[in-house]
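First up is the structure itself, then whatever we jot down about it.
Here, residue 1 is the first one in the sequence, and each next residue gets the next number. As the structure is a prediction and not an experimental result, all values here were calculated from the model. Each ligand, and each atom within it, is numbered from 1 in the order the structure gives.
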Amino acid sequence: CSYRLRDALHPLWQSPLTIPGGTRQSPINIQWRDSVYDPFLKPLKISYDPTTCLHIWNNGYSFLVEFDDSADRSIIVGGPLENQYRLKQFHFHWGAVNDWGSEHTVDCKFYPAELHLVHWNAVEYPSFEEAVMEGNGLAVIGVFLKLGARHEGLQTLVDALPAVRHKDTVIEFDVFDPSCLLPSCPDYWTYAGSLTTPPLTESVTWIIKKKPIEVDEDQLEAFRTLLFSSHGEEERRMVDNFRPLQPLMDRTVRSSFR
Ligand SMILES: NS(=O)(=O)c1ccc(B(O)O)cc1
Ligand SMILES: [Zn+2]
């Protein structure tokens, strides 16, 4: 892909973008023709309890919707996963314009935004913080957003964004079913990768849905009204909060579909 040249220090993080010795960094470009159909991949089973939703907060990288992960109430199992994983939070990455914004690309194509549903392996580890450090600790479902029809489920989130415009602001958000943000098509790619923001740990089994969901221009614009900056600081618009593509190295992307 024709990467846009990026300096060594990403403006978002003021820290090196590369992990010394990293062999499984994310995001990556998914070259459709190089992905390998794996007939042994199971369907991904997703069961979320909407009442486990807690709050929305702006953490200075994105806006996160966080869930009560103190029990197995919102979980995923199957797919490439050996264990069941608990939903901890979901968030998005997006661009300043509709031409880019996603973290992963498909055949070098960017989508205007990408949703990440972050889960952790509560079978093998006592907490999310421990799981973040382990190779099979996390499972993140990635869903591409494309410009199209208004997404009614997303709108309830969009309506809450003005209340979390500044970094470190939070509002209660007590019932939301993130299943409404998933495409109905079961097809996905999967590969072994990492977190895409610090600590960039190589602990993520990525599950990238093949089909995007549709959102409209006003909904994408609402994301762009958020700020990286806190109250009282000079305003810095929260846009382009995606990490540059990372080398595939010695990895194969598997597909759940022919
Ligand atoms: N962007 S991501 O899904 O890879 C991700 C998820 C969680 C965290 B984290 O809890 O620090 C960082 C990045
Ligand atoms: Zn993310």
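Vertex the Zn ion (ligand 2); arms to His91 NE2 and His93 NE2; angle rounded to 10 degrees, 100°.
A salt bridge does not link Glu235 to Arg237: none of the charged nitrogens lies less than 4.0 Å from a carboxylate oxygen.
Close contacts of ligand 1 with Phe128, meaning ligand atoms under 4.0 Å from a residue heavy atom, involve 10 (O). For ligand 1, the atoms sitting less than 4.0 Å from at least one non-hydrogen atom of Trp206 are 3 (O), 4 (O), numbered in the order shown with element in parentheses. The distance from ligand 1 to the heavy atoms of His91 drops below 4.0 Å at these ligand atoms: 1 (N), 2 (S), 3 (O), 6 (C). Atoms of ligand 1 found under 4.0 Å from any heavy atom of His93 (numbered from 1 in listed order, with element): 1 (N).
In this structure, Tyr61 falls outside the shell of residues with a heavy atom less than 4.0 angstrom from ligand 1. Using a 4.0 Å heavy-atom cutoff, Phe92 is absent from the residues neighbouring ligand 1. Remark: distances from the non-hydrogen atoms of Gln89 to ligand 1 include one below 4.0 Å.
Of the protein's non-hydrogen atoms, Leu195 CD2, 4.0 Å is the one closest to atom 8 (C) of ligand 1. In terms of protein heavy-atom proximity, atom 4 (O) of ligand 1 is closest to Thr196 N, 2.9 Å.
Contact of the Leu145 side chain with the Phe223 side chain is registered, since non-hydrogen atoms from C-beta on lie closer than 4.5 Å. The shortest distance between side-chain heavy atoms of Ile28 and Arg251 falls below 4.5 Å.
Phe90 and Tyr48 have their aromatic ring centers separated by at least 6.0 angstrom.
Transitive grouping of hydrophobic side chains (ILVMFWY, heavy atoms separated by less than 4.5 Å) keeps Leu64 and Leu87 in distinct clusters.
Comparing Leu117, Leu200, Thr197, Val118 against atom 12 (C) of ligand 1, the shortest heavy-atom distance belongs to Thr197.
Remark: side-chain polar atoms of Asn241 are paired, donor with acceptor, to backbone N or O of Trp94 under 3.5 angstrom.
Here the rule is side chain to side chain donor-acceptor pair (under 3.5 Å) with Thr196, and of Gln25, Arg243, Glu103 only Glu103 fits it.
For the Zn ion (ligand 2), the nearest N, O or S atom contributed by His116 is named ND1.
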Set out, in order, the CA-CA distance, both residues' side-chain angles and the distance that settles ring-ring contact (aromatic ring centres under 6.0 Å, His included) for Trp32 and Trp189, then state yes or no.
CA-CA 9 Å; Trp32 196 313; Trp189 290 284; 5.1 Å; yes
